[in-house]
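First comes the structure, then the notes that go with it.
Note: hydrogens, waters and symmetry copies are ignored here, and every other heavy atom, side chains too, is used. In what follows, residues are counted from 1 in the order of the sequence shown.
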Amino acid sequence: MQGKAIKYGDNIDTDVIIPARFLNTSDPKELAQHCMEDLDKEFKNKVREGDILVVGENFGCGSSREHAPIAIKASGISCIIAKSFARIFYRNAINIGLPILESKEAVEGIEEGDIISVDVDRGIIRNVSKGTEFSAQPFPEFIKEIMKYGGLINYVREKVR
């Protein structure tokens with residue numbers, strides 16, 4: 001996957017990703033309209049299909065709502081690269097098939113607007129704009145399978161057929 005980097009800092013919690021006042025819906029398109037709006041009012045206007053979210057430490061901390069990764073994925077973000085993720089966000093992202101990678105070096109070497117190429121299966125992150133490359137721990141095989149099917153529910157449906 002390849003896209004433009006949209007970059008934010010540390011400790012972005014689920015209340016910032018999708019504010020609680022919008023949790024009266026589970027419609028991904030509606031959630032996407034309000035994704036990150038308390039942090040960046042222009043997020044929904046600047047994100048394009050395939051863009052890559054680059055963030056600091058402890059991304060997705062706070063409440064365990066699944067709405068947060070759903071809103072991000074529905075906004076068009078194809079992958080998140082972080083210095084670290086809150087555990088429950090990490091699991092929720094996998095459950096809905098949103099690729100996420102941890103790499104402190106990549107986050108430090110990527111600036112807003114850089115074109116980024118990501119090979120999730122191999123854990124390779126390339127900053128196309130700067131000609132640099134970083135590595136991240138690739139998913140184990142069973143998580144790669146979940147991602148291949150677009151999330152845990154689709155994976156389970158496929159396996160019980």
Side-chain angles (χ1 to χ4, degrees), residues 1 3-28 30-44 46-47 50-112 114 116 118-125 134-156:
M1 64 190 67
K4 178 184 55 132
I6 297 175
K7 190 169 182 181
Y8 300 109
D10 297 335
N11 300 309
I12 297 173
D13 65 40
T14 55
D15 288 323
V16 170
I17 297 169
I18 185 67
R21 64 189 178 273
F22 301 112
L23 297 181
N24 57 348
T25 183
S26 57
D27 175 37
E30 180 66 24
L31 292 170
Q33 290 300 307
H34 303 288
C35 187
M36 302 292 217
E37 78 177 26
D38 286 354
L39 178 66
D40 180 355
K41 295 271 188 228
E42 290 303 308
F43 179 81
K44 72 177 181 180
K46 70 181 173 183
V47 69
D51 284 349
I52 296 170
L53 192 60
V54 179
V55 292
E57 299 278 355
N58 201 28
F59 185 77
C61 56
S63 64
S64 62
R65 63 182 63 135
E66 291 178 340
H67 296 75
I70 290 169
I72 292 169
K73 186 176 181 181
S75 75
I77 294 294
S78 64
C79 179
I80 304 174
I81 302 167
K83 289 184 178 180
S84 67
F85 292 95
R87 286 184 324 188
I88 193 70
F89 182 90
Y90 188 93
R91 187 62 221 186
N92 283 338
I94 290 168
N95 286 349
I96 65 150
L98 176 62
I100 54 177
L101 294 171
E102 290 184 341
S103 175
K104 290 181 183 185
E105 296 78 19
V107 172
E108 291 168 2
I110 295 171
E111 295 177 39
E112 175 90 15
D114 285 350
I116 308 302
V118 178
D119 181 337
V120 176
D121 287 338
R122 295 181 24 214
I124 298 172
I125 302 163
F134 308 96
S135 63
Q137 185 69 36
F139 287 131
E141 289 304 316
F142 78 97
I143 295 179
K144 287 179 186 177
E145 278 290 302
I146 292 170
M147 291 299 201
K148 178 176 121 181
Y149 289 103
L152 186 59
I153 291 172
N154 293 339
Y155 170 80
V156 171

Pairs involving residues 95-104, ordered by first then second residue, that meet side chain to side chain donor-acceptor pair (under 3.5 Å) (sequence neighbours left out): Arg91-Asn95
Shortest non-hydrogen contact from Thr25 toward Asp27: OG1-N, 3.0 Å
Contacts of type side chain to side chain contact (heavy atoms under 4.5 Å, CB included), residue Val55, not counting sequence neighbours: Tyr8, Ile12, Leu53, Phe59, Ile80, Ala82
Any Ser78 side-chain heavy atom under 4.5 Å of Ile52 side chain: yes
Exam field: side chain Glu66 to backbone Asn92, donor-acceptor pair closer than 3.5 Å: no
Heavy atoms from other residues, nucleotides or ligands near CD1 of Ile153 exceed 12 (cutoff 6.0 Å): no
Asp10 side chain vs Glu57 backbone, donor-acceptor pair below 3.5 Å: yes
Check: Ala32 main-chain N/O paired with Ser75 side-chain donor or acceptor under 3.5 Å: no
Heavy-atom side-chain contact between Ile116 and Phe134 under 4.5 Å: no
Nearest heavy-atom neighbours spanning Lys144 and Phe139: CE-O, 3.0 Å
Gap between atom CD1 of Ile125 and atom CG of Asp119 - 0.5 Å precision: 10.0 Å
Shortest non-hydrogen contact between His67 and Leu31, atoms and distance: CD2-CD1, 3.8 Å
Name of the residue among Glu37, Arg65, Met36, His34 meeting side chain to side chain contact (heavy atoms under 4.5 Å, CB included) with Ile17: Met36
Minimum heavy-atom distance between Ala71 and Ile18, given as atom pair plus value: CB-CB, 4.3 Å
Lys4 side, atom NZ; Ile110 side, atom CD1 - distance, nearest 0.5 Å: 13.5 Å
Atom pair OH/CZ of Tyr90 and Phe85 - distance to nearest 0.5 Å: 8.0 Å
Val107 side chain near Lys7 side chain, heavy-atom distance below 4.5 Å: yes
Check: Ser63 main-chain N/O paired with Thr14 side-chain donor or acceptor under 3.5 Å: yes
Gap separating the CD1 atom of Ile94 from the CD1 atom of Ile143, nearest 0.5 angstrom: 4.0 Å
Considering all heavy atoms, the nearest Lys46-Asp40 contact: NZ-OD2, 2.7 Å
Heavy-atom closest pair, residues Gly109 and Asp114: O-OD2, 4.2 Å
Check: Ile6 and Glu112 side chains under 4.5 Å, non-hydrogen atoms: yes
Asn58 side chain to Cys61 backbone, donor-acceptor under 3.5 Å: no
